[in-house]
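Working notes for the structure below.
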2 protein chains.
Amino acid sequence: MENEMIKYLSKHIDLTDKLTNVIVESTIIKSFKKGTILLREGELSNKSYFVFKGCIRSYMLKDGEDRTIEFYTEEQPVSPLSYETGVPSTHYLECIEDTVVSLSTAKHEKEMFQKYPTLESVCRVIGEVMMSNYQEAFIDYKMMTPEERYTNLIKTRQNLIQRVPQYQLASYLGIKPESLSRIRKRLKQK
Amino acid sequence: MENEMIKYLSKHIDLTDKLTNVIVESTIIKSFKKGTILLREGELSNKSYFVFKGCIRSYMLKDGEDRTIEFYTEEQPVSPLSYETGVPSTHYLECIEDTVVSLSTAKHEKEMFQKYPTLESVCRVIGEVMMSNYQEAFIDYKMMTPEERYTNLIKTRQNLIQRVPQYQLASYLGIKPESLSRIRKRLKQK
DNA sequence: AGCATTTCTTAACCAAAGTCAATGATATAC
DNA sequence: GTATATCATTGACTTTGGTTAAGAAATGCT
């Protein structure tokens with residue numbers, strides 16, 4: 001399991017053997033059953049995750065409605081906003097499949113950063129890459145129509161479409177389930 | 001001018017006097033005339049900016065149309081995606097007013113990080129806060145209708161509405177100028 | 001397996017944004 | 001200061017998504 005995490009980190013920076021060991025040894029692995037809520041609205045989080053297997057969905061309630069913010073699947077890091085800012089969470093984190101993650105706490109992370117400054121560099125770089133990805137996702141969202149967003153999702157995250165219920169996909173795409181149904185119908189006719 | 005930058009950094013972390021001095025001394029200040037293009041599609045950028053005065057607009061061309069991604073005004077940092085990733089830029093950076101910025105290059109930044117590791121901490125923390133803000137902006141965008149986005153903009157960035165031409169605002173809100181016109185009309189009637 | 005619940009699709013109708021085209025209003029250039 | 005560009009508004013019409021309600025399909029539970 002840890003190997004996947006090292007593989008992920010290595011994509012962004014050259015890890016020394018020593019650092020690799022430190023990471024592997026201090027990694028805590030946890031499993032959660034489908035349906036487990038990892039974080040609720042109003043709660044503080046001091047945990048961040050790295051998904052090895054399964055899927056975590058982040059969503060919020062607006063006007064009583066469930067709106068998906070993001071799906072985190074294999075090899076994706078999950079760091080709740082309130083992890084960084086200390087502000088109570090506005091959104092939920094839910095395992096929508098049986099999920100295996102590694103877990104890290106803010107305290108533990110801080111200690112590690114002090115012991116191994118290169119690790120902080122790693123995290124800064126990764127943070128910046130995540131930031132870039134996020135910016136790009138936002139831009140894409142803004143530039144595309146719902147239909148384009150759906151066809152784009154088919155291209156970029158084909159597996160999500162199989163794994164995730166339509167109504168969650170719909171809210172992820174910023175539309176109602178009925179509209180997603182219509183879009184699918186429209187596309188079939190082409 | 002540098003004071004504003006120190007003020008901004010201090011919001012996120014306690015700066016030592018020494019670090020403050022280092023930052024002030026190594027700051028390069030530049031002025032650009034309205035209309036100056038700082039970065040073009042396809043170019044690589046190794047520069048990041050911090051806006052003291054004026055406004056930088058980032059936009060891209062999609063189907064020959066000019067779509068605004070973001071407006072950067074006083075006290076906002078601007079770091080092009082390609083600054084981090086080394087990938088040619090997909091978007092433009094344009095000064096839509098006479099603009100004064102501080103400038104930092106990737107090379108200079110790297111040197112500074114090696115000399116002053118705390119500075120890297122500062123940047124990591126700021127990066128994470130920016131990431132949070134960005135995530136939140138994205139979520140807001142997804143959760144709101146165009147009309148809500150416009151009224152929200154009035155609340156949060158009133159000055160933008162005065163400074164920026166309607167058609168740029170429209171593309172920033174993800175709609176056509178005609179629709180923004182209609183939204184404004186609708187709101188007046190209330 | 002059989003029943004209940006949840007999720008997905010369809011249809012009719014409404015509201016809002018896109019499109020196209022024309023007209024006013026502002027800026028900008030000369 | 002006037003001519004010219006650009007930008008903003010308006011109107012008629014189209015397209016697409018939201019809403020509501022119904023029924024079909026899938027899933028869960030005992």
Side-chain angles (χ1 to χ4, degrees), chain A residues 33-37 54-55 57 59 61-68 71 92 94-98 140-154 160-190, chain B residues 33-37 54-55 57 59 61-68 71 92 94-98 140-154 160-190:
Chain A
K33 277 256 156 255
K34 175 174 175 174
T36 309
I37 309 264
C55 183
R57 181 174 76 106
Y59 65 94
L61 298 178
K62 206 211 164 190
D63 312 327
E65 237 178 299
D66 167 318
R67 318 258 198 134
T68 300
F71 298 103
Y92 294 77
E94 176 198 14
C95 301
I96 60 169
E97 299 175 358
D98 291 351
D140 283 351
Y141 188 93
K142 250 171 110 164
M143 300 298 163
M144 292 188 220
T145 63
E147 182 170 324
E148 285 172 325
R149 292 202 283 269
Y150 179 67
T151 53
N152 184 248
L153 198 65
I154 294 176
L160 261 195
I161 290 157
Q162 265 103 42
R163 295 162 83 164
V164 167
Q166 304 278 342
Y167 75 96
Q168 290 179 6
L169 268 187
S171 77
Y172 179 59
L173 294 170
I175 54 178
K176 301 280 153 185
E178 295 90 333
S179 296
L180 180 52
S181 232
R182 277 189 295 230
I183 287 172
R184 286 153 58 84
K185 198 179 177 184
R186 269 206 311 264
L187 290 174
K188 257 185 258 170
Q189 288 167 352
K190 291 180 185 170
Chain B
K33 277 258 156 256
K34 175 173 176 176
T36 309
I37 309 264
C55 184
R57 181 174 76 107
Y59 65 94
L61 299 179
K62 205 209 165 193
D63 311 326
E65 238 178 296
D66 169 317
R67 317 257 199 134
T68 301
F71 296 103
Y92 294 76
E94 177 197 13
C95 301
I96 60 170
E97 301 175 356
D98 291 349
D140 283 352
Y141 189 93
K142 250 168 111 163
M143 300 297 164
M144 293 189 220
T145 63
E147 182 170 324
E148 285 172 325
R149 293 201 284 267
Y150 179 67
T151 53
N152 184 250
L153 199 65
I154 294 176
L160 261 196
I161 290 158
Q162 267 103 40
R163 294 163 83 163
V164 168
Q166 304 277 344
Y167 74 98
Q168 290 179 5
L169 268 187
S171 77
Y172 179 58
L173 295 169
I175 54 178
K176 302 280 152 184
E178 295 93 328
S179 297
L180 179 54
S181 227
R182 277 187 296 232
I183 288 173
R184 286 153 57 85
K185 199 179 176 185
R186 265 199 323 258
L187 291 173
K188 256 184 257 169
Q189 289 166 353
K190 290 182 183 170

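Quick note: numbers below take in every heavy atom, side chains included, and nothing from hydrogens, waters or symmetry partners. Chain letters run A, B, ... following the sequence lines, proteins first, then strands; residues in each count from 1.
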Quick check: on DNA chain D, is the nucleotide nearest B:Ser181 upstream (toward 5') of the one nearest A:Ser179, or the reverse? Name the residue that is more 5'.
B:Ser181
In whole angstroms, the gap separating C1' of C:dC8 from CD1 of A:Ile183 amounts to 15 Å
Can you classify the ring geometry of A:Tyr59 versus A:Tyr92 as parallel (below 30°), tilted (30 to 60°) or perpendicular (above 60°)?
parallel
A:Glu65 has an atom CD; how far is it from atom C1' of C:dT7, in whole Å?
15 Å
Return the value, rounded to whole Å, for the distance between atom NZ of B:Lys34 and atom C1' of C:dA27.
9 Å
Whole angstroms only, please: what is the CG-P distance between A:Leu169 and C:dT7?
13 Å
Sequence neighbours excluded, the answer for salt bridge (charged side-chain N to carboxylate O under 4.0 Å, His left out) partners of A:Arg57 is A:Asp66, A:Glu94
Could you check which of C:dA21, C:dT9, C:dA17 has an atom nearest any side-chain atom of B:Glu178?
C:dA21
Which residue lies toward the 5' end of DNA chain C, A:Gln168 or B:Leu180, if each is placed at its nearest nucleotide?
A:Gln168
Starting at CD1 of A:Ile96 and ending at C1' of C:dT7, how long is that distance when rounded to a whole Å?
14 Å
May I ask you to decide if B:Asp140's main-chain N or O and B:Arg149's side chain share a donor-acceptor pair within less than 3.5 Å?
no
Establish, with yes or no, whether the OP1 or OP2 oxygen of C:dT9 is under 4.0 angstrom from a side-chain nitrogen or oxygen of A:Arg184.
yes
Give the rounded distance in Å between these two atoms: CG of B:Leu173 and P of C:dG18.
11 Å
Chi-angle category of D:dA5 [syn within 90° of 0, anti beyond]
syn
Nucleotides bounding contact with chain B, strand DNA chain D, heavy-atom threshold 4.0 Å
D:dC7 to D:dA12
Using atom types as modelled and distance alone, determine if a side-chain donor or acceptor of B:Lys62 lies under 3.5 Å from a backbone N or O of B:Arg67.
no
Watson-Crick or G-U counterpart of C:dT5, or none if no pair lies under 3.5 Å
D:dA26
For A:Pro165, is there any backbone N or O sitting under 3.5 Å from a side-chain donor or acceptor partner on A:Gln168?
no
Below the 4.0 Å mark, does C:dT9 have OP1 or OP2 next to a side-chain nitrogen or oxygen of A:Arg186?
no
So, the side chain of B:Ser171 versus the backbone of B:Thr68: is there a donor-acceptor pair under 3.5 Å, distance only?
yes
Nearest-Å distance for atom pair NZ/C1', residues B:Lys176 and C:dA21
16 Å
Winner on side-chain proximity to A:Arg182, out of C:dA12, C:dT9, C:dG18, is C:dA12
Would you call B:Lys34 and B:Asp98 a salt bridge, taking side-chain N to carboxylate O under 4.0 Å as the test?
no
